[in-house]
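Here's the structure we're looking at; comments come further down.
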Protein chains: 2
Amino acid sequence: MKERDAELIVQSMNRHGLRITEQRRTIARLFANATGFLSAKEVFLGMVDKYNGLSFNTVYRNLKLLEELGVIERFQIEDSIKYRVGCFERNHHHHHLICLTCSRVFPLETCPMDNFQAPDHFQIVKHKFEIYGYCGNCQRRGIGEDAGTMSA
Amino acid sequence: MKERDAELIVQSMNRHGLRITEQRRTIARLFANATGFLSAKEVFLGMVDKYNGLSFNTVYRNLKLLEELGVIERFQIEDSIKYRVGCFERNHHHHHLICLTCSRVFPLETCPMDNFQAPDHFQIVKHKFEIYGYCGNCQRRGIGEDAGTMSA
DNA sequence: TTTATAGTTAGTAATTATTACGATGTGAAA
DNA sequence: TTTCACATCGTAATAATTACTAACTATAAA
């Protein structure tokens, strides 16, 4: 099943004109198998055993490329920058609930822009909407009872 | 008028138990006078003339502190991390329209969470909602007709 | 006003994150 | 299988962030 996801990522790379290298196949597999987010470092560490002498350069370049192509999405999780693969099974625009403990991501059907009336002087290009909290699993484990404060 | 804003920031520091140092007064003045966002570097550059030998350390520590206390807010603008002072005049929770050209910020009255029904298994802690685009001024100047694509 | 002290900053350096670039290697098309 | 534009490596430079100790200072208490 995961292998199928990896293949979808590779196809997406291909469709966008990227060459399919061994390293990129590995990146695809990493993201396909990841339960949550991956940092640049984690991607590097997940590859360096296989390709010793791998340069961070390669990782950064590919992450940036894949993000620009919409294959993966970039998030600022607390203090660090992490990536995760876009949801293939729902190829329409959507948002996420993000668990602060296990980093698991739950897709949302609703988008706040659907019934949002923009001020007429402002031309909207894009928006960001993310909800952070604790998922059912992590609540049951007793983590996350110290809910933080609201922030814009 | 800006001086008044700076004083509000200083008062907020004081209220939170921070000591009022000359450097912090300067940071307050910087944010009060800023039209848009400030990066850590810009804050540093805005201070180093007055305090030569100023360490980046001091800037980073204060930015982090001020953010934790809610005096300033942290944003990821395109590729860089920037800060701006919280809106004092509206001390209730709200969001922003952010101009991609001039970085000006326009407060929004509506919050998508007001009529959002959370899935019952998920305990919401906080959320992020930001709208990016081009403000009236920048549109008139002919910038920003090449609107980008939608992104989550 | 003076003193004590906890919080703050400077100075220095280490660590981490990110980008640059020329030489070499390789996927994919002809 | 040859070709070549694209990728990667190797190395290094640059930028961003954090650590730590000694010196300094805002604040409260004496």
Side-chain angles (χ1 to χ4, degrees), chain A residues 6-7 9-31 37-69 71-72 74-83, chain B residues 6-7 9-31 37-69 71-72 74-83:
Chain A
E7 189 50 37
I9 297 177
V10 170
Q11 280 174 24
S12 182
M13 289 175 177
N14 196 12
R15 209 177 322 124
H16 286 101
L18 294 190
R19 290 196 177 164
I20 308 308
T21 66
E22 262 312 303
Q23 285 91 333
R24 282 180 176 158
R25 282 190 194 280
T26 305
I27 291 181
R29 238 174 276 123
L30 278 175
F31 276 108
F37 294 88
L38 292 175
S39 65
K41 191 183 200 173
E42 286 164 341
V43 173
F44 177 83
L45 291 177
M47 300 177 70
V48 74
D49 287 339
K50 197 164 182 177
Y51 313 96
N52 70 337
L54 175 73
S55 76
F56 247 112
N57 211 341
T58 299
V59 174
Y60 279 117
R61 183 166 18 83
N62 279 311
L63 289 181
K64 181 167 282 191
L65 274 173
L66 293 180
E67 188 209 351
E68 284 169 7
L69 301 183
V71 175
I72 61 176
R74 178 178 142 141
F75 294 79
Q76 171 99 24
I77 305 287
E78 299 302 287
D79 266 351
S80 52
I81 288 172
K82 304 209 168 200
Y83 300 83
Chain B
E7 188 51 36
I9 297 176
V10 170
Q11 281 175 23
S12 181
M13 289 174 177
N14 195 13
R15 209 179 320 124
H16 286 100
L18 295 190
R19 289 194 178 168
I20 308 307
T21 66
E22 261 314 299
Q23 285 90 334
R24 281 179 179 160
R25 283 188 193 281
T26 305
I27 291 180
R29 239 174 275 125
L30 277 176
F31 276 108
F37 294 89
L38 291 175
S39 66
K41 192 183 200 175
E42 286 165 339
V43 172
F44 178 83
L45 290 177
M47 300 176 71
V48 74
D49 287 338
K50 197 166 180 175
Y51 312 96
N52 71 337
L54 174 74
S55 75
F56 247 113
N57 211 340
T58 299
V59 173
Y60 279 116
R61 184 165 16 80
N62 279 310
L63 289 180
K64 182 168 278 189
L65 274 173
L66 293 180
E67 188 206 351
E68 283 169 8
L69 301 184
V71 175
I72 61 177
R74 177 178 142 140
F75 293 78
Q76 173 100 21
I77 306 287
E78 301 302 287
D79 266 350
S80 52
I81 288 172
K82 304 211 167 196
Y83 300 84

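Numbers restart at 1 for each chain; the letters A, B, ... are given by sequence-line order, proteins then strands. Heavy-atom basis, side chains included; hydrogens, waters and symmetry copies ignored.
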Testing the basics here: between A28(B) and M13(B), what is the closest heavy-atom pair and its distance to 0.1 Å?
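It is CB-CE, 4.3 Å.
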Categorize [X] for me: base, sugar-phosphate, or nothing, with a 4.0 angstrom heavy-atom threshold over every strand shown.
{"X": "Q23(B)", "value": "sugar-phosphate"}
{"X": "T21(A)", "value": "sugar-phosphate"}
{"X": "N62(B)", "value": "sugar-phosphate"}

Any non-hydrogen side-chain atom of H16(B) less than 4.5 Å from a side-chain atom of E68(B)?
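Not in contact.
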With the side chain counted from C-beta on, respond yes when V43(B) and Y83(B) share a heavy-atom pair under 4.5 Å apart, and no when they do not.
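No, their side chains stay 4.5 Å or more apart.
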Taking R19(B)'s backbone N and O only, do any of them form a donor-acceptor pair with R24(B)'s side chain (distance below 3.5 Å, no angle check)?
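Confirmed, R24(B) side chain pairs with R19(B) backbone.
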Nearest to side-chain heavy atoms of R19(B), which nucleotide of dT9(C), dT27(D), dG10(D)
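The nucleotide sitting nearest to the side chain is dT27(D).
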Take N57(B) and L65(A), find for each the nucleotide of DNA chain D with the closest heavy atom, and name the residue whose nucleotide sits nearer the 5' end.
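The 5'-side residue here is L65(A).
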Does the side chain of [X] get closer than 4.0 angstrom to OP1 or OP2 of [N] through an N or O atom?
{"X": "R24(B)", "N": "dT9(C)", "answer": "yes"}
{"X": "Y60(A)", "N": "dT19(C)", "answer": "no"}
{"X": "K41(A)", "N": "dT18(C)", "answer": "no"}

Suppose we call a contact any N or O donor and acceptor under 3.5 Å apart; does that hold for the side chain of R61(A) and the base of dA7(D)?
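Not at all, since no donor on one side and acceptor on the other fall under 3.5 Å apart.
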